[in-house]
Structures are given as structure tokens and as C-alpha cells.
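Below is one structure, written out as C-alpha cells; comments come after it.
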Amino acid sequence: MSSDRGKETATRTEYLKAYRVMLTARVLEEKLSSLYRAGHIKGGVFLGRGQEALSVSVGINLRKGDIYAPLIRDQAGRMAFGDTALDTLRTYLGSQLGSMRGRDGNIHRGRPREGYYAMISHLGAMIPVVTGALMARRFRGESGVVGATCIGDGGTSTGAFHEGLNAAAVEKLPLVMVVANNQYAYSTPNDRQYACADLLDKAIGYGVAGHEVDGTDLGACLEVLGKAVAAARSGGGPQLVVGRLLRLVGHGEHDDASYVDPALKAAHVGRDCLKVAEEFIVASGWATPEEIGSWRVEAKSEIDVTAAKVLREPAPDPNEEEWTAVSDTRLQDNFAA
Amino acid sequence: MSSDRGKETATRTEYLKAYRVMLTARVLEEKLSSLYRAGHIKGGVFLGRGQEALSVSVGINLRKGDIYAPLIRDQAGRMAFGDTALDTLRTYLGSQLGSMRGRDGNIHRGRPREGYYAMISHLGAMIPVVTGALMARRFRGESGVVGATCIGDGGTSTGAFHEGLNAAAVEKLPLVMVVANNQYAYSTPNDRQYACADLLDKAIGYGVAGHEVDGTDLGACLEVLGKAVAAARSGGGPQLVVGRLLRLVGHGEHDDASYVDPALKAAHVGRDCLKVAEEFIVASGWATPEEIGSWRVEAKSEIDVTAAKVLREPAPDPNEEEWTAVSDTRLQDNFAA
Amino acid sequence: MITYLDAIRSAMDEALGRDPRVFLYGQDIGAFGGAFKATKGLATKYPGRVMDAPLSEDAIVGIAIGAAIEGMRPIVEMQFADFSTCGFNQIVNHAATLFYRTEVPCPIVVRLPSGGGPGGGPFHSQSMEGLYAQYPGLVVMTPGTVEDAYSMLLDAVTLDDPVIFCEHKFLYNHLRAEELPKETTPIGKARIVRHGRDVTVATYSAMVHESLAAADELREDGYQVEVVDLRTVKPLDTDTVLASVARTGRLLCVSESFPWGGVSAEVIARVTSEGFGLLDAPPQRLSAKDTPVPYHPNLWSSHRPTANAIASALRRLLEM
Amino acid sequence: MITYLDAIRSAMDEALGRDPRVFLYGQDIGAFGGAFKATKGLATKYPGRVMDAPLSEDAIVGIAIGAAIEGMRPIVEMQFADFSTCGFNQIVNHAATLFYRTEVPCPIVVRLPSGGGPGGGPFHSQSMEGLYAQYPGLVVMTPGTVEDAYSMLLDAVTLDDPVIFCEHKFLYNHLRAEELPKETTPIGKARIVRHGRDVTVATYSAMVHESLAAADELREDGYQVEVVDLRTVKPLDTDTVLASVARTGRLLCVSESFPWGGVSAEVIARVTSEGFGLLDAPPQRLSAKDTPVPYHPNLWSSHRPTANAIASALRRLLEM
Ligand SMILES: Cc1ncc(C[n+]2csc(CCOP(=O)(O)OP(=O)(O)O)c2C)c(N)n1
Ligand SMILES: Cc1ncc(C[n+]2csc(CCOP(=O)(O)OP(=O)(O)O)c2C)c(N)n1
Ligand SMILES: [Mg+2]
Ligand SMILES: [Mg+2]
């Protein structure tokens with residue numbers, strides 16, 4: 001890529017950086033899908049296609065020392081925060097070398113010691129957890145730290161969402177609460193999920209700042225998340241960000257998403273954020289379609305190589321496994337064999 | 001009481017009716033307190049002093065066939081809905097003849113078959129239950145039915161509150177959700193409980209109608225609850241009513257409430273709704289202080305007689321008790337004695 | 001051929017058809033037919049009576065309770081048993097206590113897609129029967145056959161008490177039968193699914209089939225293994241187990257849930273306290289390991305009891 | 001004289017004093033000192049480290065987990081054990097699984113004011129140790145003495161694993177000791193609180209005292225009853241119970257919780273499968289009745305095991 005085409009260099013650099021993460025996430029997810037179809041992945045595969053712009057904007061606005069608890073559709077955000085294709089593939093394929101060592105899989109991965117939390121399935125549960133993590137940082141006198149976590153439209157209906165966001169608001173902690181309103185929770189459309197006009201209407205009821213964003217527009221997402229993260233970082237308390245977008249894939253790869261309203265697919269909300277970003281990049285003269293194409297090829301070949309490698313890695317061996325759920329050996333219970 | 005003193009006969013009649021229920025509830029609660037202090041009541045005694053105006057306005061606006069799930073401080077509402085001093089005393093004193101037969105006690109009483117639900121302790125739990133009851137009525141084609149339930153400022157922080165109110169809103173059910181914001185949850189002041197400017201700000205986030213009311217003013221309570229119940233009854237969906245008031249008594253009779261901010265006691269919110277109503281009645285020329293005094297004496301002597309009677313009633317006998325938690329004898333599990 | 005899952009769907013279909021008080025409520029169970037397709041087609045067949053719920057397990061159970069108080073017979077589906085922890089309070093503190101407290105019964109059925117499978121991981125694999133069974137007021141059913149999936153769910157809907165219906169995901173499509181049963185085994189009764197004189201295996205749900213496979217294995221060693229399918233774990237049919245142990249003198253309890261407590265411990269406690277003299281050897285048990293259910297298929301299949309592991313345990317027991 | 005409640009307060013005081021990572025979080029535990037006054041004075045003594053929480057059990061536990069991941073050592077108080085059902089999911093699915101999944105330990109302590117008293121009723125009287133103990137990854141402590149309330153809570157705070165600390169409300173002010181212990185019994189070990197050669201009672205928490213009273217009663221009949229206080233129910237110290245049964249040949253398990261499953265069943269299952277030959281009579285158990293805990297004192301005192309009931313059970317067992 002050649003030098004300086006636009007004048008807003010910062011924006012351009014950031015935009016392109018974010019775009020390339022989105023692209024890598026997209027290509028990686030395509031790989032996961034094909035590995036799933038080929039029978040290499042057991043259990044569910046849950047992709048974030050169509051949600052990369054919003055997701056990457058969260059991860060990219062965080063820095064080392066921050067806390068990030070991504071959710072189901074945050075492959076892009078995860079990679080922006082430092083997760084790798086290698087560990088993603090290891091976790092999905094159950095490699096013994098992955099961060100979860102085959103004990104947990106797919107989206108339930110993380111490295112909590114690095115601020116990158118491993119979600120449990122129960123939706124909403126990560127919200128109070130990030131809140132508590134931020135409380136710990138405050139106890140230790142660390143300021144300028146942000147904690148971000150994500151949830152779907154469906155997840156806003158959980159008691160955990162409510163209790164967690166409320167507690168963060170009471171403590172005025174730097175929580176960035178990102179709602180990816182992708183119109184459906186599995187098959188359930190929003191009109192069976194909530195009755196407010198807009199999920200952003202919830203902000204005032206918690207006494208937190210609210211931000212709305214077009215989740216199909218990377219530029220808008222970068223800007224709004226940038227603002228929200230900065231506001232949290234500088235003591236503005238919890239920030240609720242609601243992105244409007246559409247999940248462009250099944251709930252999981254087993255699901256053909258035939259329930260999605262075609263009108264939504266055809267509407268603005270149904271745009272593919274990756275394509276929209278590509279068009280913007282080309283229109284801004286930041287890269288040519290050919291350059292973009294080569295980035296994709298590059299990403300794909302790297303991921304293919306990584307996948308091939310991971311497929312040869314050892315699976316966990318039940319005979320070598322330490323079958324204990326407690327860290328302290330004194331606390332291990334003994335059951336007759 | 002002599003006839004027609006004002007012209008707003010309906011209001012006057014309703015007001016006086018409500019006042020007399022409040023008065024009876026107050027006198028009954030004073031009796032409960034003294035029975036507790038004399039050691040006749042085991043376990044907690046939780047009173048609604050200062051909350052009678054709001055509470056009675058809920059009960060009085062309901063009718064036979066409606067559903068009412070009162071909470072901790074709803075002695076007045078309960079009596080307006082048909083509960084009696086006799087059953088209240090029986091339940092507190094653990095009489096075998098009470099509706100809970102000594103199995104449960106105090107505020108955990110009701111007669112669900114009559115639409116008068118028996119709360120469990122876990123705050124917020126009654127909200128989805130009333131929602132489900134209203135769903136059942138709708139299934140059966142009954143319209144014009146209302147379900148009302150109450151919660152405190154503290155209870156709004158529960159996941160159950162959130163999930164229950166949201167589900168009622170999605171189903172657009174005739175739920176009247178009354179929040180008695182009495183400034184404290186046990187000892188916890190509102191600024192440690194929520195961060196929104198006003199609990200009413202939550203209404204828009206659920207997509208339900210909101211109503212605010214001065215909980216120290218019986219007239220205002222009757223009017224606002226009248227409106228809210230009518231709106232629910234006529235298909236307006238859930239109605240969130242937030243009453244501002246102060247608990248004028250301990251959390252329970254074991255608690256001296258010394259944590260209550262004196263400034264709040266001295267403020268408008270700290271007014272005793274019963275006294276305010278009395279003054280209004282006298283000022284309106286609807287009754288003289290002497291008449292009011294005689295109503296109190298009347299209520300007190302009735303309650304004293306009832307209490308004396310209940311104190312002589314049989315306690316539950318563990319040897320006669322049917323120790324089974326299932327209704328179907330085929331499902332009783334047998335444990336060796 | 002009718003699968004275990006078909007049987008569950010047929011039971012709900014029949015219940016909806018014959019009783020206007022029955023309705024279904026749960027996440028994605030309407031037009032979509034549910035995560036496992038247990039309610040497929042029912043929303044169309046019974047308009048308005050198969051309803052999608054918000055992502056709110058606590059409210060889902062609470063709503064079922066309220067509807068039951070008003071005379072309905074709701075069947076709720078948890079998307080996975082594991083998510084019932086989010087509706088735990090309403091189940092154990094409200095549904096379970098309602099009749100004892102108020103004399104008003106609480107006829108709800110909570111369907112829990114239970115148990116593990118390869119790749120399910122810690123949060124989509126749990127077996128929770130041993131938790132719910134601890135609470136007075138709940139009935140806990142754990143059908144292990146296509147026939148029981150059908151007839152016990154039909155029973156559950158007619159009962160006045162709250163039923164936790166633990167259906168096993170691994171059996172959904174693996175288990176098949178020729179036809180649905182016309183007659184039902186009495187409620188709360190265990191069933192001897194295989195007769196044998198040497199040792200009794202008391203088990204339930206998916207482990208019935210692992211145990212039967214183990215029994216086949218042991219036949220080759222000349223042993224006759226009796227397998228008792230408990231069917232309902234609360235109430236527990238101690239008599240049938242005792243009668244079996246009276247014949248065999250040996251007992252192994254097999255369960256897929258975590259090893260501390262649960263059904264196996266309860267069965268052993270009952271048999272030893274009530275039928276101590278019947279035992280010729282110490283009663284044994286085999287459960288899953290004392291860790292969360294692992295994600296990787298290799299780990300998963302070592303975590304839970306398998307036919308092989310049961311056969312080994314039986315051999316050890318037979319030599320005692 | 002130091003009460004059981006004082007001991008709990010002293011342990012928290014000491015933990016706060018010596019480890020800056022410790023903080024307390026829960027409803028009304030700040031200036032007010034908690035519903036039972038377990039944290040009285042601590043908010044003043046340790047400013048900012050004893051925090052009032054909103055009425056949100058799920059968030060309370062979730063917050064503790066997050067803080068623990070970041071290296072803190074939170075102690076959370078549930079106002080009553082019964083309300084932990086509202087924080088159940090975070091406890092059993094998050095705290096319990098964290099280490100196994102991520103290798104990051106989860107050093108939280110969840111204090112559960114447990115057990116019944118007259119007038120407590122169905123929702124302020126529960127004993128939940130048998131539920132939490134089923135989950136891999138949790139440690140469940142059930143102190144029955146003033147000394148243990150103190151030293152076990154101090155232990156709990158130092159452990160890297162999540163501890164469910166079941167403290168008994170009935171003991172809070174009833175139980176007194178001269179002084180706090182200097183030495184502690186090893187973590188996870190049971191203790192023989194009374195030696196005897198005729199029969200073993202395995203029990204814990206408030207039932208230790210009912211059992212001791214029953215043992216006194218039986219001494220008059222000439223029997224020597226050995227009483228084992230389990231102290232920690234997960235992990236369970238089977239060895240100490242087995243060693244006792246080896247001496248006495250007879251076992252009664254006593255627990256205040258509901259009769260299905262739980263600690264009693266687990267103890268019996270272990271003793272019979274590992275120490276069958278030690279038993280001269282069928283192991284027996286005594287638990288609360290299979291209904292919610294009733295409100296009325298008359299009903300309550302028949303619902304749970306009492307010294308009298310234990311004595312009768314022992315007499316029956318001694319005659320077997
Ligand atoms: C408490 C809980 N209940 C049910 C589920 C099962 N489940 C997994 S994803 C999902 C839908 C989530 O929808 P949403 O929150 O909108 O996120 P999206 O999948 O659309 O990104 C459901 C119901 C769960 N994970 N947690
Ligand atoms: C889920 C739950 N947690 C804790 C409690 C214990 N508790 C009983 S009343 C109360 C305070 C309630 O405050 P609020 O909701 O404001 O009602 P108020 O007492 O002020 O009327 C608490 C914490 C409970 N009943 N339920
Ligand atoms: Mg969604
Ligand atoms: Mg309050």
C-alpha cells in the first residue's frame with residue numbers, strides 16, 4: 001500500500017487497521033464454517049458475520065491493561081484485542097495446546113490474566129464480572145482502565161444484564177456496555193424480546209450515558225466507540241452503546257436463519273459492514289479493489305496454513321488429564337473409583 | 001357521619017372509604033407491633049407505616065376477579081382487596097385456622113384462588129407470576145382483568161423485576177407495577193441502589209406507561225392509581241407507578257431505623273400520609289377530628305377483640321400435620337423413619 | 001420409526017389437543033420449533049398456544065407458575081437444562097412450595113434438555129436431576145426410553161404437582177422405537193428393563209443404555225446383570241430396587257451427573273438403610289468425574305460413565 | 001465470652017487487617033453492619049472496603065468473581081442462604097468452573113446464613129450445603145463451633161478456590177466460647193468431638209449440638225456415642241468417618257436439610273461402598289422432613305431433627 005492518500009491520516013490508519021482485522025476475522029470465520037462442515041469441529045460454531053464493524057471497534061479502542069469480555073459474535077473484537085487465529089483454531093478444534101486445553105471450546109475462550117475474559121454461556125453473566133474486575137482495579141488505585149463487554153438484543157432481557165449494569169452505574173465504574181442489536185435472538189425477533197421503541201431508551205433508566213450507532217458503518221462505529229471508551233476512561237461512568245445491524249449468518253452454523261425477514265436483509269440494516277467498508281476504502285482512494293483482494297488472499301493463506309498445523313496438533317489425552325476442578329490439592333475430594 | 005358535605009360525592013366517598021381502610025391497617029399494625037414486643041409473634045414483623053395511602057389506592061382500585069400480589073408493606077392494600085384483620089392476626093400468630101395454617105406466616109400470606117397471591121420472600125418474584133396469571137386470563141378470553149403487584153426501590157434492582165416487567169410489556173398485559181420508593185431498602189439508601197435520576201425513568205426503557213405520585217397524599221394516590229388501573233384495564237398494557245414516600249418505621253420491628261436521614265423525615269416525603277389525610281378530611285369538612293377519633297377507637301376495639309380471640313385459637317399440631325409437599329399422594333416419596 | 005424426540009413432540013401435541021389448559025412457553029419454540037425441534041409444527045397446529053419467550057428464564061418459570069395458579073397447565077422449555085440455573089429460584093422456592101403453603105397446586109412442567117454430548121462443553125451438558133430432587137414439592141422425571149419420553153410427559157402434564165422433566169439430548173435422535181405405547185407404567189414406578197440374577201444396576205436416562213450394553217458384555221463372562229430403570233428419581237421407587245437387590249445381592253448405581261450426592265448416593269443410602277441384609281457385597285456407584293463437563297469429545301467420553309467403564313465396575317463388584 | 005457470630009466478625013476483621021486484597025460486599029453490610037450484625041463496625045474500621053450492594057444477588061456474586069480474577073479476595077454475604085438461589089448461576093456455573101476452564105483460580109467466599117429457627121418460615125431457613133457440594137470446583141464449609149466459625153473462615157479467605165461458607169443462624173448468638181483458637185484443624189478434616197465405642201454419629205453445623213445432647217441422653221442408657229463433626233462437606237473427610245465406624249460398627253448421619261440426597265446420603269454412600277465390612281448394622285440417617293421449612297415454631301421443631309429424635313434413632317440403631 002502506498003503512502004498518504006487522504007489528509008485525515010489518523011482516521012485512515014485506524015480505519016484500515018480496523019478493516020484488516022475485520023477482514024481477517026471474516027476469513028477466519030469462513031474457515032471455521034468449512035471446518036465445521038467437514039466434521040472437524042464438534043459442538044457449535046457461532047459466527048459474527050455482519051457484526052465485525054461494531055465488534056472490531058470495541059477491541060481496537062481498548063489498550064493493554066483494559067478488560068474485555070467479548071460475547072458470541074466478537075471474533076473481530078477479540079482479534080483487535082490480541083486474540084490470534086492460532087488460538088481460535090486451537091480452541092475450536094480442541095487442540096491440547098489451545099488456551100482452553102480442550103476443556104472448553106469455541107467462543108468460550110479467553111486468557112483472563114491478560115484482561116481477556118472467557119465468557120460462560122449464560123447470557124448477561126459477564127456484565128457483573130467485568131464490573132467486579134473494574135472494582136478491583138479501583139481498589140488497587142488504578143485509574144484510566146476501561147472494561148468492555150458485549151451483549152445481544154436477546155441478552156438485554158436477562159436479569160444478569162439488569163443487575164450488572166445497575167451495579168456498575170451505582171459504582172460509576174468505567175464499563176462500556178455494547179449491545180449488538182442484530183434484530184434476532186436465535187430465531188426470536190425483537191418484537192417478542194422487548195417493547196421499548198429503542199434499546200437505547202434503557203440508558204436513562206440506569207442513569208448511564210447512551211450512544212447509538214449504525215453497526216454497518218465502520219467509520220461510525222470507530223467514532224462512537226472511541227467516544228464511549230474515552231468517556232468511560234475519563235470518569236464518565238458506564239456507557240451504553242447500541243449498534244443497529246443484522247446477523248448475516250445463522251445463529252450457529254447448524255442454522256440456516258430462514259426465519260430472518262427478507263425486508264430486513266434488503267434494508268440499510270442488512271448491509272454487509274465489510275463490503276460497506278471496502279467501498280468506503282476504495283471511494284476514499286485508500287486502497288484499490290486489487291489491493292484489498294490481495295489482503296484477503298494473504299489472510300486466507302495464513303489461516304489455511306495455521307488450520308493445517310492445528311489439525312495435526314495433539315488432542316487432549318484423557319489419561320494425562322488432571323481431573324480436578326479445584327486449584328488446591330488439599331481440597332480435592334476423593335471418590336472411590 | 002352526616003350526609004353530603006362536599007359536592008364531589010364520589011371522591012368524598014372513595015376518599016373516606018380509603019381513609020378508613022388505612023386507619024384500620026395502621027391500628028392493626030400497631031397491634032402487631034405490640035404483640036411482637038410481648039413475644040406473641042415469632043419471626044419478623046414488617047409494617048407499612050407511612051405507605052398506607054399508596055398501598056390502599058392499589059387495593060381499592062381493584063375488583064373481584066382481578067389479581068393482586070401485594071408485597072411487604074401492603075397491609076392497607078391487602079385490606080382494601082378483602083383481607084381481614086382476623087386472617088392477618090391468625091397468620092402472624094400462627095393460628096391453625098389462618099389461611100397459611102402455620103406453614104407460612106406474616107406477610108407471606110394470601111388466598112391465590114381468590115386472586116390474592118401469597119408472596120414468596122425473594123423480591124421481584126411476584127412480577128412474572130402476576131404476568132403469567134394475566135396471560136392465563138387472556139388465554140381464557142377474559143378481558144378487563146387487571147393484575148397489580150408492588151415492589152420497593154430495592155426490589156427494582158432484582159433480575160426478577162427486569163425480566164418480569166419486560167415480559168409483561170412484550171405481551172402488553174394489564175399489569176399495574178407499583179413501586180413504593182420509600183428511600184431505603186432495609187438500611188441501604190437509594191444512592192447505593194440505583195443511579196437514575198428517578199425510578200420513573202425506567203418506564204421508557206421497558207416501553208410501558210409511567211406515572212409518578214406523591215405517596216404521602218391519599219388524594220393523589222387514589223387519582224393516579226385510578227388512572228393507571230383504568231389504563232391497564234382498557235388495554236393500555238403495563239403501567240409503572242412510582243410513589244415517593246418514606247418508611248416511617250423500621251425495616252422490621254427489630255430495627256430502629258436509626259440510619260434514616262433526619263432531613264428526609266423532616267421533608268415533604270417524610271409526612272405521615274395518615275395524618276395528611278386526616279387533615280384533608282377535616283379541612284374539607286368531611287368529618288371532625290372527634291369523628292375520626294371515634295373511628296380509630298372503633299377499629300382498635302374490634303382488633304383487640306379479634307386478637308384476643310386468635311390468641312386462644314389452636315396452634316398447628318405437628319402430629320396432626322400432613323407432612324407432604326405434593327398434592328398427589330402417588331407422588332409422595334417415602335423416607336425410612 | 002419414532003425417535004425419543006418425536007415422542008416428546010407427540011406427547012406435547014396430544015396434550016395440547018386434548019386439554020385446552022395446556023400451552024407451551026419458551027425460547028424459540030414457536031414458529032422455529034425450538035433449538036432441538038421438539039415443538040416443530042406445534043405453533044401452526046395450535047395457534048397462539050405455543051409462544052416464544054424473551055431470553056428470561058426466571059420470568060419464564062414465574063409466568064408458568066402464575067398461569068398454573070389460574071388453572072392453566074403450562075409446559076415450559078429451557079433451551080438447555082444448564083440455563084435453568086437462571087430460573088432456579090422460581091422453580092425451587094415458588095413452584096415447589098406453593099401447594100404446601102397455600103393448598104393451591106402448581107401444575108407446571110419444566111422440560112430440561114439434559115446430559116452431555118461430544119462438544120457440548122461445561123454449559124450445555126449438565127444433568128440437574130439430583131439438584132431438583134432435593135427440593136420437597138418437586139417431581140423429577142428422567143425418562144430413558146422412547147416410550148417413557150412419551151408416556152411420562154403425558155403423565156407430567158396431567159399431574160397437579162410441578163414436574164422437572166429431564167429429557168436426554170443424546171437420546172433425542174439416537175433412540176428409536178416402532179410405535180408409541182398404548183399403556184403406561186404407573187407414575188413413580190421403576191422398571192426392570194433386563195432381568196438377571198447376579199447383580200443389580202440401578203440407573204436412569206441415557207445411562208440405561210450404557211448399562212444395557214455393559215450387561216451384554218458381561219453375559220459373555222457368564223454373568224446375568226439385572227438393570228433397573230428408575231424412571232422417576234423423585235419420588236424414588238425404592239421397593240423395586242430393594243426387590244431386585246434381594247434377588248441379586250449386589251448393587252451398582254450409575255449416573256451421568258457429578259459424583260457428589262445425587263441419585264446414586266440417594267439410592268445407596270436407601271438400599272443400605274432399608275435393605276442392608278440383602279447385600280452380599282458393598283454397594284458401588286459410578287458417576288461422571290468431579291469436574292465440569294469438558295468440551296473435547298475425548299475428554300467428554302472419559303468424563304461420563306460408558307458401557308466399558310460400567311462393565312469394569314461390574315466385574316470388580318462381582319468379584320467382591 | 002465470644003459468640004459464633006463474634007467469631008465470624010473477628011475472622012473478617014482479621015482478614016481485612018492482614019490482607020489488602022480482602023474486601024466485603026453485600027446487602028446492608030456497610031454502616032449498618034448487616035442483617036445479623038456480622039460486619040458491625042468493620043465499615044468504619046476499614047473505610048471503603050466494606051460495601052453495601054444493591055439488591056442483586058446475581059450481580060453480587062458476579063462482581064466478586066470479577067474482582068477475584070483481578071487478584072482480590074472478596075467475601076460476600078447473602079442476607080440469608082435462601083436468597084443465594086438468585087445468585088445460583090454465577091456460583092455454580094462461573095465461580096465453580098473458572099479454574100478448570102482457564103487455570104485462573106477464583107478465591108471468593110460466599111457467606112450463607114443458613115438453617116432454621118422458630119418463625120423463620122420457608123424462605124429464611126434453608127440449608128443449602130447439599131446443593132453446592134454437588135458442583136465440582138466448590139468448597140463447602142459448615143462450621144459447627146465458635147472456634148471453627150473463626151478459623152475456617154480465615155482459612156476460606158486464604159484458599160484459592162471458591163468457598164461456600166454455611167454459617168448457622170441458630171448458632172450465631174446461642175453458641176459461646178472462652179476464646180478464639182490459636183491453632184486450626186487442617187482444612188478439609190473432620191473432627192471427633194466426642195469419643196464413644198457403640199455408635200458413630202456423622203453430622204455438622206447446628207446438628208453437632210443436637211447430636212451431643214442426644215449422646216448425653218444415651219449415656220444414661222449406658223451407651224457411648226461417638227460424634228464426628230464433618231466440618232467441611234466438600235471435600236468430605238471419609239477417612240475419619242470410616243475410622244470411627246471401624247471402631248463402633250454403627251453409623252447414623254444427621255442433617256438439618258431436606259431428606260432427599262445431600263450430605264447424609266453422600267456419607268452413607270461412601271461408608272457403605274468403602275467400608276461395608278465395618279458395619280454391624282444398617283447405616284441410618286435423620287434429616288428434616290420432606291416439606292418446606294414451616295413457619296410456626298411447633299411445626300418447625302418437628303420438621304428438623306432434635307436431640308430427642310436423634311436419641312430415638314440411636315436407640316433403634318443400637319438395637320439392630
Ligand atoms: C441465560 C441463557 N439462556 C439461554 C441461552 C441460549 N442462547 C444462546 S444464544 C441465544 C440467543 C442470543 O440472542 P442475542 O442476545 O440477541 O445475541 P445474538 O445471538 O443475536 O448475537 C440463546 C437463547 C443462553 N446462552 N443463556
Ligand atoms: C432476592 C432477595 N434478596 C434479599 C432479600 C432480603 N430483603 C428483604 S426486604 C429487603 C429490603 C427491601 O427493600 P425495598 O425493596 O426497597 O422494600 P422496602 O423494605 O423498602 O419496602 C431485603 C434486602 C429478599 N427478600 N429478596
Ligand atoms: Mg440478537
Ligand atoms: Mg425501600
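Just so you know, these numbers come straight off a predicted model, no measurement behind them. Here is the naming used below: chain letters follow the sequence lines, and residue numbers restart at 1 for every chain.
Atom CG of B/Asn334 and atom CG of C/Leu236 lie 10.5 Å apart (nearest 0.5 Å). The OG1 atom of C/Thr102 lies 7.5 Å from the CZ atom of B/Arg113; values are rounded to the nearest 0.5 Å. A distance of 11.0 Å separates CG in B/Leu331 from CG in C/Leu138, rounded to the nearest 0.5 Å. Expressed to the nearest 0.5 Å, how far OG1 of B/Thr324 lies from OH of C/Tyr100 amounts to 9.5 Å.
When all heavy atoms of C/Asp160 and B/Ser327 are compared, the closest pair comes out as CB-OG, 3.4 Å. In terms of heavy atoms, C/Ala59 sits closest to B/Gly164 at CB-N, 4.1 Å. Here the shortest heavy-atom pairing between B/Arg330 and C/Ile187 reads NH1-CD1, 3.5 Å.
Heavy atoms of C/Tyr25 lying under 4.5 Å from chain B belong exclusively to its side chain. In this structure, no portion of B/His162 lies under 4.5 Å from any heavy atom of chain C. Interface residue C/Pro136: backbone and side-chain heavy atoms are both found under 4.5 Å from chain B. At a 4.5 Å heavy-atom cutoff, the contact between B/Gln332 and chain C is made by backbone atoms alone. In this structure, the portion of C/Leu159 lying under 4.5 Å from any heavy atom of chain B is its side chain and not its backbone. Residue B/Glu142: no heavy atom, backbone or side chain, is found under 4.5 Å from chain C. Heavy atoms of C/Val104 lying under 4.5 Å from chain B belong to its backbone as well as its side chain. Both the backbone and the side chain of C/Glu103 come within less than 4.5 Å of a heavy atom of chain B.
The residue among C/Pro186, C/Ala269, C/Gly137 with the most heavy atom pairs within less than 4.5 Å of chain B is C/Gly137. When C/Glu274, C/Lys234, C/Arg270 are compared by the number of non-hydrogen pairs under 4.5 Å with chain B, C/Arg270 comes out ahead. Ranked by heavy-atom pairs under 4.5 Å with chain B, the list C/Thr238, C/Asn89, C/Asp239 is led by C/Asn89.
Side chain of B/Asp328 to backbone of C/Asp161: no donor-acceptor contact under 3.5 angstrom is found. Within the 3.5 Å criterion, the main-chain N or O of B/Arg109 finds no donor-acceptor partner in the side chain of C/Arg101.
Residues of residues 116-138 of chain B lying under 4.5 angstrom from chain C, judged on non-hydrogen atoms, are B/Tyr117, B/Ala118, B/Met119, B/Ile120, B/His122, B/Ala125, B/Met126, B/Pro128, B/Val129, B/Thr131, B/Gly132, B/Ala133, B/Met135, B/Ala136, B/Arg137, B/Arg138 in numerical order. Within residues 77-102 of chain B, the residues having any heavy atom closer than 4.5 Å to a heavy atom of chain C are B/Ser99, B/Met100, B/Arg101, listed by residue number.
At least one cation-pi condition fails for C/Arg21 and B/Phe139: the charged atom is not both under 6.0 angstrom from the six-membered ring centre and inside a 45 degree cone around its axis.
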